[in-house]
Every structure is written in structure tokens, then in C-alpha cells.
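Values below: every heavy atom of this structure, side chains too, minus hydrogens, waters and symmetry copies. Each chain gets a letter, A, B and so on, in the order its sequence line appears, and its residues count up from 1. Computed from a predicted model, the values in this text were never measured in an experiment.
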Amino acid sequence: MQLEYFQLIDRILDLNIDEKTIQVEAQVPQHNTIFEGHFPGYPIMPGVLLIESMAQTSGWLLLALMKFERMPFLAAVKEAKMRGFVSPGELLTVQASILHEGSGYAMTEAKVSVGGKLRSNATITFSHVPFPNQDLRGHMDAVARRIGLPQAVVP
Amino acid sequence: MSSTFDQVATIIAETCDIPRDTITPESHAIDDLGIDSLDFLDIAFAIDKAFGIKLPLEKWTQEVNDGKATTEQYFVLKNLSARIDELVAAKGAGA
């Protein structure tokens, strides 16, 4: 997890194009300035970052399903629930699946677990558009390689 | 069996918390009911599910932006209902 670059996903564990599911892992850092403020003497991972981890996981699934021809952008978050605290140093498992594929938008269901126990879940809506420029496409390709997205799905 | 318009109106009322009796076949989803593009995604999702179709929102938006169609053709509810009926019929014909 590179919080300073807002890259929360470390590794793709499983990507199933047929089932339209993905599972990733994300290691919460032991030390980060975020924990100095959230909260002093009682560090916990901010809920908005758990939501972001589910959004990024869903995003990788959508990118793969759309063959990297379109870029998904977060549009709405529903039914987001923080079911338990996440502490520094914990290893998150984040899973996402497709709820609906519409025209120019998609909805996913995602959840965050630690040690098999559910900590957060949400239903997330994305709008998606053709990649706005080659810089972004190149950046996403590079991150995809780093986190182990199967190269077969990257044209 | 309720009409397509009745189903669409019910979806809009429930999705956007708009009183059902204010929604008529002549209502323009954007101009009259004040539904924005993000809220319309929820309506599209519910319509897609209810009718087993995929509203071609991108194509419609492109046509409007290119001046090839007006928003009334797609977003006045009697017209939207007619488009839905066409999509359902096309799906049935292709099955």
C-alpha cells in the first residue's frame, strides 16, 4: 500500500474474467502520518480508505473486463458499511464482483476482510469512458504489471 | 400487467423519491423532474433489471451531443417508454 501515491492495492491474487470476480491483497503500513491524526493514541485505517480500496479493486476488475479500452471513474458509493476497525500492519483481502454492466457505467459489490473476517463492504457505481490520454493508459499498464494483473488481459 | 410507462414511473418515484402522482407521460426526466445524470444511472440500472435490456445511454448521449437527436426523444417518459418497448421487442426477436 503506497498511501502517498493513493495506490492501495499491492497484489492481485485472483482474477476470473468468466465469473467477473477479483481478489486482491493490500498491506496496511505499520507507520504512516495518517495514523498520527486518525487517531492520536488510537490509530485505525480511515473508513474512506477502506472504501477507496474497494473502489480500486473494482476498478482493476472493470479495466480487465473492458480490455483496458476504457477507464472507470468512481461515481457513487452505496451501502458502505464499516463493520470493524482496521489497524496498522493488517493485511487486507479485498474482493469485488460485478453487479451490473450498463451502457457507460457499471456497478460492483465489494468487501474487505482481514483474516477471513468481514471488515467493510459497499456497492459502488462507476462511469467509464475511453482513456482520456496515453499517459494515463501507460501509467495504468505499469501499475497493472506491478500488482500482477495477468498480462493476458492487457492488450 | 402494468404498462411500460407505469413501471418506469414507479421506478423513478422509488429511486429518486419523487411523488408518483407528479410523474406523467409528458414529464421530461431532466427538465421537469430534475433528475441529473448520476441519478439517472440508478434509474437505468433499475430499468435494465426490470426489462432485461441495456439502455444505450452512451449512444443516446452521443446523438444528443452531435445534434442528431433531442433530449425529448429519449427523456420524455412516453418516449423513453417507447424506446424501452423497442429494446424489449428487439431482444425478443433476437432470442
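Connection of A:F68 to A:L136 is established within a shared hydrophobic cluster, with ILVMFWY side chains joined at heavy-atom distances below 4.5 Å, either directly or through further cluster members. Cluster annotation: A:F39 is not connected to A:V28 through the hydrophobic network of ILVMFWY side chains, with a link wherever side-chain heavy atoms come within less than 4.5 Å. Linking ILVMFWY residues whenever their side-chain heavy atoms come closer than 4.5 Å, directly or via other members, places A:I17 and A:I22 in the same cluster.
Other residues, nucleotides and ligands contribute at most 12 non-hydrogen atoms within 6.0 Å of the CG atom of B:D17. Residue A:F85 qualifies as open at atom CZ: its count of foreign heavy atoms under 6.0 Å is 12 or below.
For B:D48 against A:G102, the heavy-atom pair with the smallest separation is OD2-CA, 4.3 Å. When all heavy atoms of B:K54 and A:E101 are compared, the closest pair comes out as CE-O, 3.6 Å. Nearest heavy-atom pair, B:P56 versus A:S103, reported as atom, atom and distance to 0.1 Å: C-OG, 3.5 Å.
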TODO: Given side chain to side chain contact (heavy atoms under 4.5 Å, CB included), test A:L99 with B:F45 step by step and report yes or no.
DONE: CA-CA 10 Å; A:L99 174 63; B:F45 170 54; 4.0 Å; yes
Task: Derivation of the side chain to side chain contact (heavy atoms under 4.5 Å, CB included) call for A:M107 and B:D42 - done: CA-CA 10 Å; A:M107 296 174 174; B:D42 287 330; 3.7 Å; yes
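Heavy-atom distances place both the backbone and the side chain of B:L41 under 4.5 Å from chain A.
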